[in-house]
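Below is one structure; the comments refer to it alone.
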Amino acid sequence: MIENILLCVFATVMYWGICQFFTAYDRKCLSRRLYVTVRSKRLWLLLGGRFRGGRRIPEEDWYKLSVIGLTAYIALLPVLLAVCAAIWGRYVFDAHSGIALASYGFAVVLLNILDEILGNMFYR
C-alpha cells in the first residue's frame, strides 16, 4: 500500500518536473510569441519557475508562461492518470496500450524539444 502511494507520488513529481521545464518561457524557442502573462507569482513559480534547463530567466520575462508548454500539462495528464491507475491495479497495460501511451507521451515531449531546437537554430 505505501509502495503504491510512493510510486504515485514519484510519477506525479516526474510529471510536474517535465511540464515545469517546458512551461518556462524562453526567448530562443520557435514559439516565443505564444505566451501568457500570469500575475500571480506563486502560480508562475508553480507552473514555470525561474529556471529553464539550468539557465536563469531574465527578470523582464518573469510572469510569462509558454502556451505550448502549458498544453503539455493537459496533454500529458492522461499518461499520468494511466500510470497511477496501473500502479493502483485498476488498469492493466498490455503491449498495445503501453506502446500507444509511451508514443503519445514521447510525441508531446518531442514537440516541446523540437520547439526549442528550431528556436535555437533560428534565433541565435
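Note: hydrogens, waters and symmetry copies are ignored here, and every other heavy atom, side chains too, is used.
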For this session: Looking only at non-hydrogen atoms, find the nearest pair between Ser31 and Asp115 and report the distance.
Result: OG-OD2, 2.7 Å
Problem set entry | same_hphob_cluster(Leu70, Leu46) at 4.5 Å side-chain heavy-atom cutoff | yes
For this session: For the pair Asp61 and Glu59, evaluate side chain to side chain contact (heavy atoms under 4.5 Å, CB included) and give the outcome as yes or no after the intermediate values.
Result: CA-CA 5 Å; Asp61 291 336; Glu59 194 169 340; over 6 Å; no
Exercise. If you group Ile, Leu, Val, Met, Phe, Trp and Tyr by side-chain heavy-atom gaps below 4.5 Å, do Leu80 and Leu6 land in one group?
Worked result: no
Problem set entry | Working for side chain to side chain contact (heavy atoms under 4.5 Å, CB included), residues Tyr73 and Cys19 | CA-CA 6 Å; Tyr73 267 105; Cys19 290; 3.5 Å; yes
Exercise. What's the shortest heavy-atom distance between Arg32 and Tyr25, and which atoms?
Worked result: O-CE1, 3.1 Å
Problem set entry | ring-ring contact (aromatic ring centres under 6.0 Å, His included) partners for Phe21, two or more places apart | none
Problem set entry | OH/Tyr123: more than 12 non-hydrogen atoms of other groups inside 6.0 Å | yes
Problem set entry | From Leu34 atom CG to Ser66 atom OG, the distance as rounded to the nearest 0.5 Å | 7.5 Å
Exercise. For the atom pair CD1 (Ile99) and CZ (Phe106), what is the distance rounded to the nearest 0.5 Å?
Worked result: 14.0 Å
Problem set entry | Interatomic spacing from CH2 in Trp16 to CG in Leu47 - rounded to 0.5 Å | 10.0 Å
For this session: For atom CD of Glu60, decide whether the heavy atoms of other residues, nucleotides or ligands shown that lie under 6.0 angstrom number more than 12.
Result: yes
Exercise. Would you call the rings of Tyr63 and Trp44 parallel, tilted or perpendicular, where under 30° means parallel and over 60° means perpendicular?
Worked result: tilted
Problem set entry | Derivation and outcome, side chain to side chain contact (heavy atoms under 4.5 Å, CB included), residues Gln20 and Phe51 | CA-CA 9 Å; Gln20 188 183 37; Phe51 297 94; over 6 Å; no
For this session: Walk me through it: do Phe122 and Leu30 pass the test side chain to side chain contact (heavy atoms under 4.5 Å, CB included)?
Result: CA-CA 8 Å; Phe122 288 118; Leu30 190 64; 3.6 Å; yes
Problem set entry | Tyr15, OH atom: more than 12 neighbouring heavy atoms under 6.0 Å | yes
